Amino acid sequence: MSEKQTPFILVDGSSYLFRAYHVPQLQRMTNSEGMMTGAVFGVINMLKSLINEYQPTHMAVVFDAKGKTFRNDLYPEYKANRPPMPEDLRQQIEPIHKIVEAMGLPLLVVDGVEADDVIGTLAKQACAEGRETLISTGDKDMAQLVSDNVTLINTMDKNNPITDYDRVIEKFGVKPDQIIDFLALVGDKVDNIPGVNKCGPKTAVKWLNEYGSMQGVIENADKIGGKIGENLREALDQLPLSYELATIKLDCDLDFLPKELTLKEPDLAELKELYGKMEFRRWLTEVLKEGGEELEGDEDSGETPIDRSKYETILEQSELDKWLKKLEKSELFAFDTETTSLNYMEAELVGMSFALDNGEAAYLPVAHSYMGVPKQLDRDDVLKQMKPLLESDEIKKVGQNLKYDMSVLARYGITLGGIEFDTMLESYCLNSVASRHDMDTLSLKHLNHPTIKFEEIAGKGKNQLTFDQIELEKASPYAAEDADITMKLHQKLWGELQKEEGPAQVFQHIEMPLVKVLSKVERNGVLVDGALLLEKSRVFEQRLKEIEAKAYELAGKEFNLGSPKQLQAILFEELELPIIKKTPKGQPSTAEEVLQELALDYPLPKLILENRSLSKLKSTYTDKLPKMINPETKRLHTSYHQAIAATGRLSSTEPNLQNIPIKSAEGRSIRTAFIASEGCKILAADYSQIELRIMAHLSQDKGLLKAFEEGLDVHSATASEVFGVELDEVTDTQRRNAKAINFGLIYGMSAFGLAKQIEADRNTAQDYINTYFARYPGVEAYMDNTREKAAEKGYVETLYGRRLYLPEIHSKNGMRRKAAERTAINAPMQGSAADIIKLAMLEVDKWLQDQPGITMIMQVHDELVFEVEEQYLELAQKKIPELMESVAELSVPLIAEVGVGDNWDEAH
DNA sequence: TCACTCACG
DNA sequence: GACGTACGTGAGTGAT
């Protein structure tokens with residue numbers, strides 16, 4: 001026996017299985033087929049870190065077998081209280097077993113006994129062999145196995161992972177050989193082991209310290225007084241059975257010995273398959289790397305493998321000529337730019353890469369600059385030569401997020417043409433629910449190929465290099481691969497997309513044409529008066545100071561008003577205000593609605609509310625926006641993301657221009673800083689009630705169609721129906737409540753949600769809902785129909801065929817299923833509205849090509865904002881809403897309302 | 001990096 | 001019978 005023998009590791013797989021299943025972060029993990037994968041990930045992750053840490057030579061991963069065990073024979077009620085294993089957990093067992101085996105780890109599943117017993121037996125045998133044993137478990141019952149040679153480790157308990165002899169005493173208050181006695185006395189609700197009624201850990205420890213063992217306690221049962229003594233005496237008959245049930249068996253019949261349980265070489269092909277199925281991207285990458293060249297691409301049936309030897313670097317004019325010819329002859333080529341920045345307004349072109357459909361690819365560096373860089377072709381000269389090719393609409397391009405490339409080229413006077421395919425958008429149209437559509441993810445998912453990561457060649461953190469500083473030896477394969485992968489992804493994704501009518505239509509007629517419109521809107525930017533915003537910041541600052549001073553006075557001490565945690569301590573511990581609601585993690589919530597309610601009775605919450613809203617306005621808007629103004633253009637240039645929102649909406653970042661305040665007067669004033677340049681006005685056009693109109697159209701409900709047809713105020717019309725009053729007698733409150741009902745319908749309302757919104761009780765809310773559906777039966781039928789179809793097909797669609805998959809629509813978890821049902825209701829309305837405004841952007845853009853005095857500068861979901869030279873104001877005011885209204889033929893009128901002003905606030 | 005809060009449609 | 005619930009986003013902050 002060697003001196004430095006590694007410990008024998010026994011893993012209680014079943015205990016980790018349940019624990020991993022209940023970890024909240026892991027509960028959200030699914031693969032794209034909707035199968036839950038969190039427990040698989042949790043268990044395997046634990047195994048990996050265990051192996052990594054201990055480098056064992058001998059080990060076993062033990063799981064409970066299906067069916068009854070000897071304990072059920074002893075006591076039929078054993079574990080009878082356990083609910084059946086959830087289906088989404090059961091499904092994860094087989095993949096875990098397979099992965100464990102593929103990892104080369106001995107997997108043990110023994111009939112008739114539990115995992116605990118197998119582990120106990122093996123630990124005892126190993127002990128006899130003089131081998132140190134480490135039991136990895138989350139189960140406290142295992143403490144009975146602890147000895148000088150046997151230690152427990154719970155990798156999920158960050159604070160106290162190791163349980164050795166001393167730790168058992170510290171944790172339980174008794175020695176390991178008293179643990180069974182302890183468990184028998186306390187009993188176990190979950191396993192349905194009886195124990196002594198009302199005897200918890202404290203009592204059990206007290207007794208055991210006095211009488212040594214359970215037997216000792218039984219013998220002295222008469223001496224124990226009080227109610228608990230009576231309980232003990234009542235339990236006397238039961239206790240030996242409890243003891244037996246709690247005892248881990250140490251003499252199971254096993255047909256292997258600890259020394260036979262050795263680790264084998266992992267089966268990489270199998271692991272690749274399994275990780276691929278589970279979509280564990282990081283591990284898949286690891287496996288692929290470990291497998292080296294031979295594994296790479298060789299199993300991709302019928303696809304061209306990624307072959308980096310076919311990549312070229314273009315440094316000579318002759319090579320450029322050759323490539324220009326090839327590209328001009330091709331019907332379609334993949335195109336990518338390399339730049340110095342992710343910010344399209346600052347990015348300088350460093351190089352371009354191209355790929356053809358036969359696997360040929362090239363990188364054309366034009367501005368790398370580092371010590372010893374090879375001579376490159378001149379950037380301006382190259383661009384001049386390439387301009388016709390790049391601007392051609394006949395020669396089609398495919399790229400990954402071509403909007404960016406288009407914006408960069410625009411800085412050099414080139415208008416990228418032939419923007420035909422974008423792999424990011426292909427992926428998005430195929431499945432908008434998939435969380436990411438970046439190239440690394442897509443390559444791994446569809447080509448089983450891990451790309452070269454930017455970080456690998458540029459480093460990370462503050463020392464990260466910009467692309468122009470990267471040596472061509474590294475930059476070339478990276479850049480050429482990007483183009484190559486883009487082409488191969490396109491071939492695969494486009495093939496899939498063509499099989500799906502609706503998504504293909506949306507891709508071709510909405511998303512692809514929109515790319516260049518968005519690029520333009522972003523580059524147009526919006527003029528913002530930074531000085532005005534900073535002035536507002538100063539005013540806010542002043543007021544914040546006053547609030548702070550008052551708050552400290554009320555709290556009796558200074559604290560950070562912006563910290564929910566400190567606020568929580570002040571409000572609910574020091575001042576002992578009532579806890580109205582808790583956060584999902586169980587902390588007393590300090591959310592707005594809670595503070596609103598508390599503000600009725602106490603002064604501090606009101607100040608906090610004011611503080612919150614002001615500091616939000618200041619930090620997010622009046623402080624930040626001026627800093628983001630582009631010094632050259634003096635304008636804000638946001639980024640619109642086309643492949644983020646599952647419903648088909650755009651999103652906006654850096655800065656987000658889709659959440660500029662409007663609801664409060666103070667917030668709204670921020671919009672006065674969104675101005676037009678000299679001689680121009682801001683024009684804002686927004687769709688009126690677009691989602692409700694879509695609901696009317698989709699449901700074909702007679703009442704709702706009529707309300708819109710007659711041009712009624714829809715919320716008043718709803719109020720009139722639901723509250724049974726004449727249209728002209730609807731009160732403000734009734735209208736407000738009706739509005740909440742209408743919104744609720746769009747969101748897939750529940751009585752609870754509506755009640756909360758209108759501050760009524762649940763029954764009242766339910767009555768309203770019932771009355772609504774009685775008055776608008778078509779809407780109810782539509783909702784039911786949508787849920788049904790969603791369950792049947794697994795997805796819902798918008799008016800234009802955009803698809804949204806609902807993997808949780810069949811979830812066993814009622815809450816998740818209900819959430820999926822609400823999405824099913826909401827997505828067609830929100831998504832159709834998104835389709836419509838995108839179509840409007842296309843139409844308006846087409847018209848704007850001949851209107852140099854009018855530019856589109858923002859999109860806010862149902863609103864388009866323009867900057868218009870005053871001489872064209874009248875024209876724009878007439879034409880823009882016309883175009884917006886013309887894009888869809890609904891069963892109700894589609895109305896766009898226009899406003900004009902010197903700033904965005906006035907334009908409403 | 002996560003949890004919380006809050007800005008918008 | 002209890003539980004936990006409106007849909008879709010992005011950003012700033014504090015705590016870890």
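Naming convention: chains lettered A, B, ... in sequence-line order (proteins, then strands); numbering from 1 in each chain. If you're wondering where the values come from, they're calculated on a predicted model, not measured in any experiment.
Only the C1' atoms considered, C:dA6 is 24 Å distant from B:dC2, to the nearest whole Å.
In this structure, A:S519 and A:S407 approach most closely via the heavy-atom pair OG-OG, 2.9 Å. The shortest heavy-atom contact between A:A790 and A:A824 is CB-CB, 3.8 Å.
Phosphate contact (OP1/OP2 of B:dC6, side-chain N/O of A:T620, threshold under 4.0 Å): absent. One finds no side-chain N or O of A:S750 lying less than 4.0 angstrom from the OP1 or OP2 phosphate oxygen of C:dG4. In terms of phosphate contacts, A:N659 brings no side-chain nitrogen or oxygen within less than 4.0 Å of OP1 or OP2 of B:dG9. Checking the phosphate oxygens (OP1, OP2) of C:dT9, no side-chain nitrogen or oxygen of A:R649 falls inside 4.0 Å. For A:R822, no side-chain nitrogen or oxygen approaches OP1 or OP2 of C:dA6 to under 4.0 Å. The side chain of A:K565 contributes no N or O atom lying less than 4.0 Å from OP1 or OP2 of C:dT13. For the OP1/OP2 pair of C:dA15 and a distance below 4.0 Å, the side-chain nitrogens and oxygens of A:Q566 include at least one atom meeting the criterion. Checking the phosphate oxygens (OP1, OP2) of B:dA7, no side-chain nitrogen or oxygen of A:K663 falls inside 4.0 Å. In terms of phosphate contacts, A:T823 brings no side-chain nitrogen or oxygen within less than 4.0 Å of OP1 or OP2 of C:dC7.
Closest to the side chain of A:K624, out of B:dG9, B:dA7, C:dG12, is C:dG12. The listed nucleotides are B:dG9, C:dA11, C:dG14; the one nearest the side chain of A:S563 is C:dG14. Taking every side-chain heavy atom of A:T590 into account, B:dT5 is the closest of C:dG12, C:dG4, B:dT5.
Counting any heavy atom pair closer than 4.0 Å across all strands shown, A:G748 reaches no nucleic acid atom. A:D686 comes within contact range of no nucleotide atom at all, as no heavy-atom separation falls under 4.0 Å. Within the 4.0 angstrom heavy-atom criterion, base atoms lie near A:L754. A:A827 comes within 4.0 angstrom of no nucleic acid atom, judged by non-hydrogen atoms across all strands. When heavy atoms are screened at a 4.0 angstrom cut-off, A:I644 is found touching the sugar-phosphate backbone but no base atom. Residue A:Y621 is in sugar-phosphate contact alone, with no base atom involved, counting any heavy-atom pair closer than 4.0 Å across all strands shown. No contact: A:I746 has no heavy atom under 4.0 Å from any strand.
Judged by distance alone, the side chain of A:T638 and the main-chain N or O of A:T653 form a donor-acceptor pair under 3.5 Å. Remark: the backbone N or O of A:Q859 is paired with a side-chain donor or acceptor of A:Y640 at under 3.5 angstrom.
Between the side chain of A:E592 and the base of B:dC6, no donor-acceptor pair of N or O atoms lies under 3.5 Å. At a cut-off of 3.5 angstrom, the base of C:dT5 holds no donor-acceptor pair with the side chain of A:R816.
Atom pair A:L544:CG and C:dT13:P shows a separation of 12 Å (rounding to whole Å applied). In this structure, A:L567 places its CG atom 15 Å from C1' of C:dA15, rounding to the nearest Å. Distance, A:N656 CG to C:dA11 P: 6 Å, rounded to whole Å.
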> Is there a ring pair (Phe, Tyr, Trp, His ring centres under 6.0 Å) between A:Y795 and A:Y805 once you walk through the steps?
Replying inline: CA-CA 4 Å; A:Y795 62 82; A:Y805 285 91; 5.4 Å; yes
> Between A:H697 and A:L799, does a side chain to side chain contact (heavy atoms under 4.5 Å, CB included) hold up when you go through it step by step?
Replying inline: CA-CA 10 Å; A:H697 174 85; A:L799 273 176; 3.7 Å; yes
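When Watson-Crick and G-U wobble pairs are counted only if both distances are under 3.5 Å, C:dC3 pairs with no nucleotide at all. Remark: B:dA7 base-pairs with C:dT9. Criterion, Watson-Crick or G-U wobble with two distances under 3.5 Å.
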